There are 2 protein chains.
Amino acid sequence: MPERKSKSARVTLVDVARKSGFSPSTVSIVLSEAPLSRYVAAQTKERIRKTAQALGYRPDIFARSLRSRHSNTIGVLVFDISDPFCVFILKGIEKTLHPTQYLPILMDAHHERKQFERYLDLLMERRVEALIVVANWLFDEGKSLAGLREKKMPLVVVGQDVSKKHIGSVTVDNEAGGYEAMKHLYEFGHRQIAVIRGPAKLSDSQLRWDGMQRFASEYGLRLDPRRIRQLSDTLDPISGFEGGVQLTEELIRSRLKFTGLVAFDDLTALGAVRALARTGRSAPQDCSVIGFDDVPLAALSTPGLTTIRQPMEEMGSLATRRVLDVLREADESREVTPDLQLLPPSLVLRDSTARPS
Amino acid sequence: MPERKSKSARVTLVDVARKSGFSPSTVSIVLSEAPLSRYVAAQTKERIRKTAQALGYRPDIFARSLRSRHSNTIGVLVFDISDPFCVFILKGIEKTLHPTQYLPILMDAHHERKQFERYLDLLMERRVEALIVVANWLFDEGKSLAGLREKKMPLVVVGQDVSKKHIGSVTVDNEAGGYEAMKHLYEFGHRQIAVIRGPAKLSDSQLRWDGMQRFASEYGLRLDPRRIRQLSDTLDPISGFEGGVQLTEELIRSRLKFTGLVAFDDLTALGAVRALARTGRSAPQDCSVIGFDDVPLAALSTPGLTTIRQPMEEMGSLATRRVLDVLREADESREVTPDLQLLPPSLVLRDSTARPS
DNA sequence: ACAGGATATTCAATCGTTTTAATACAATCG
DNA sequence: CGATTGTATTAAAACGATTGAATATCCTGT
């Protein structure tokens, strides 16, 4: 007599139990490697695993999560996935999460506040156990995020410093980066250096500028305010490029000589390169240009863009390890003081900078 | 006397039922807008919704999915998220899914076959109701994917044509694109045109080349085989750039004159631009260069890259609508013949092409 | 006055796990 | 020898929703 025909294709834990001759409890304990499995005879484990394999059993994650109160997922909320800045952070997150039990659930806020809130909500609904926010730009989502602290949801923001709101943050050391950028041009022999600062609302902008000023004062370099420009506060990530083009053209029209230019980021730098070309100049012959970030484009443009690299994959990885740490200490959760972690930038030398001619 | 203190913060459907004075069934029916809610008095609905709101009730998706057998998720498996080609396809998918009940779950195979299989598995485990595969490059995942057909899982591949395996596919019309690229250079007056074809293993390569040949034969243009090169079959998406540099340098060294170059894709084109620059030439003055794809970089490089645009967002959107259609017809699932849908490419004119001097 | 349909609500079973407490037996201890 | 401890397994109660069948009431037409 054939075994009773299963009406649905679904193989359940009870099926495995029946077939293997043990109770559902035991099967569950073995297959989910619960603490109690310490007491299960090796032989039993073996047999259960074999039959599970043979039947092609796959646990139902919904039933499992419902009962165990664990979703085994971590929410990743990114501000704009089309910003090349994000992608390698995501890679870092993913690689770090890969060997763990956790699965990342990725949401893209498309740079819109409403979307951000909505997806944040959706992630809560999906019962993620922790949250990583990848924010290249940030308005004042602090409010939405602060609410999470009360729910004891582990949270780290990467790319922006919100440690003042007692939210764990991972960023590059922007101040050091600004310092390095300026230093690089200075060491090549540039003395008349223009700067395109980032949007005022972005904390990165000030920090990078601080670094440049620190270098200038340490080395007795004068940064003429007339050679300093600032990007406007638009939110579009691409606007850095347009801004770079315009502000560089302005600088050129001002007739004030400059042999080097520190751009806020790579997109701005590419804009500068474009502006130089439009006016019959070129980098680095007529003006050295250095960017910030080291987005993938930087290596592919001509000339290859010299830039200050953010260790993006490492940033993603670090952020991930932080939330994992919190998750592990679950109950004893010592309420680890959420603080800022800075990663060092590094200079990537390509072809857009050279000695002044 | 205060109401009984809830021991957990969790508000459940039963709580709403108690508080509103209706049974859990009714509450469920109302809040999930089940068919039966047609019969529920408007007043009742109102009251239930109000108390749910007041209590801050959020349904438990695990319980819900467990019982209803619906995950309300759609898997999106991308080959390599750092390929700029993908990003806008993802945007298209997301935007199309946004107004629906479905949530995309994104996985990145990191260009590795093993990862691909693993994530495919994970998505099945998560009980996604449909699958969209975003494949810029594709080995022969046909096998893994064919298995899905048997499980009646709606599936569409975007970016590669696997319609021969009876798998729904959405791609750009590569043949037409190749035709257009060649036509553009021809109309500018170029007659000595070099071509860097794509890797042999990529079906795109042949199709684009077919289109170029068709144009050539229609217009009596001779494509000298000595001006034709082909990228090697490496899998790294960035390799297009390196390949572009090398093959263009080869072409230049060959002393064979060419005033225009059709590159396989934008990265290859950027490589060509780099090679020209290295040898003291420049686009478009010494040689017009046209790419394919219109990745974000294309607009930001200097010179801006003339290219054949793939309507990426539209491709993502179309793919999504296709799986949604299948999901809607759930039971009557007429087993819609999975076939290929082609979207038209378009010429984007920038600064890397011009009349020959 | 009653069958039968439409409206409005509820009962109770169920989805597939995990987990707590219980059972059964063997070994060890004082 | 009774009590304790440690192994090995299981029974049964959750987890929080959905759903098919059942109940109850109200119309409406004949």
Side-chain angles (χ1 to χ4, degrees), chain A residues 6-49 51-52 55-72 101 124-127, chain B residues 6-49 51-52 55-72 101 124-127 129 331:
Chain A
S6 60
K7 34 190 167 183
S8 100
R10 169 127 226 106
V11 178
T12 139
L13 183 129
V14 177
D15 296 330
V16 179
R18 257 201 295 271
K19 185 97 172 194
S20 69
F22 292 94
S23 76
S25 314
T26 309
V27 175
S28 167
I29 287 164
V30 169
L31 294 181
S32 63
E33 295 177 35
L36 273 183
S37 69
R38 228 164 41 84
Y39 297 129
V40 176
Q43 198 187 8
T44 306
K45 284 183 184 168
E46 168 91 4
R47 224 163 54 208
I48 289 179
R49 293 224 178 84
T51 43
L55 293 182
Y57 168 72
R58 311 298 305 269
D60 181 314
I61 58 150
F62 297 120
R64 178 192 289 233
S65 293
L66 172 57
R67 179 62 233 242
S68 70
R69 323 256 64 192
H70 280 298
S71 69
N72 292 324
Q101 67 193 291
M124 295 304 112
E125 201 161 53
R126 297 257 151 189
R127 301 252 138 57
Chain B
S6 60
K7 35 190 166 184
S8 100
R10 171 126 224 109
V11 179
T12 142
L13 184 129
V14 178
D15 296 331
V16 180
R18 257 201 295 270
K19 185 97 172 192
S20 68
F22 292 94
S23 76
S25 315
T26 310
V27 175
S28 167
I29 288 163
V30 169
L31 294 181
S32 62
E33 294 177 37
L36 272 183
S37 70
R38 229 164 41 83
Y39 298 129
V40 176
Q43 198 186 6
T44 307
K45 284 183 184 167
E46 168 92 2
R47 230 169 43 214
I48 288 179
R49 291 222 179 85
T51 46
L55 294 181
Y57 168 72
R58 311 297 304 269
D60 182 314
I61 58 150
F62 298 119
R64 182 195 290 238
S65 293
L66 171 59
R67 181 60 236 244
S68 71
R69 323 258 67 194
H70 279 298
S71 68
N72 291 322
Q101 67 192 290
M124 295 302 114
E125 201 162 51
R126 296 256 150 190
R127 301 253 137 58
E129 297 184 40
D331 35 7

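Everything numeric in this text was worked out from a predicted model, so none of it was measured. Below, chain A is the first sequence line, B the second, and so on; all start at residue 1.
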Residues at least two apart in sequence or cross-chain that pass side chain to side chain donor-acceptor pair (under 3.5 Å) with B:Thr51, listed by chain then number, are none
Each nucleotide of nucleotides 20-27 of chain D classed B (base within 4.0 Å of a protein heavy atom), S (only sugar-phosphate) or -, in 5' to 3' order, makes --------
Can you run through DNA chain C from 5' to 3' and write each base as (, ), [, ], | or . depending on how it pairs? Watson-Crick or G-U wobble, both distances under 3.5 Å. ||||||||||||||||||||||||||||||
Can you name the residues that form a salt bridge (charged side-chain N to carboxylate O under 4.0 Å, His left out) with B:Glu33, not counting sequence neighbours? none
If the condition is side chain to side chain donor-acceptor pair (under 3.5 Å), which residues does A:Ser71 pass it with, not counting sequence neighbours? A:Thr73
Suppose we screen for side-chain contact (heavy atoms from CB on, under 4.5 Å). Which residues come up paired with B:Ser68, at least two apart in sequence or across chains? B:Arg64, B:His70
Residues passing the side-chain contact (heavy atoms from CB on, under 4.5 Å) test with B:Ala34, sequence neighbours excluded, are B:Ile29, B:Ser32
Only counting residues at least two apart or in another chain, list the ones meeting salt bridge (charged side-chain N to carboxylate O under 4.0 Å, His left out) with B:Arg49. none
List the residues meeting side chain to side chain donor-acceptor pair (under 3.5 Å) with A:Thr12, not counting sequence neighbours, and say none if there are none. none
Could you pull out all residues at least two apart from B:Arg47 that satisfy side-chain contact (heavy atoms from CB on, under 4.5 Å)? B:Phe22
Restricting to side-chain contact (heavy atoms from CB on, under 4.5 Å), what partner residues turn up for B:Glu46, sequence neighbours left out? B:Lys50
Are any protein N/O atoms closer than 3.5 Å to N/O atoms in nucleotides 3-5 of chain D? If there are, list each pair with its distance.
none

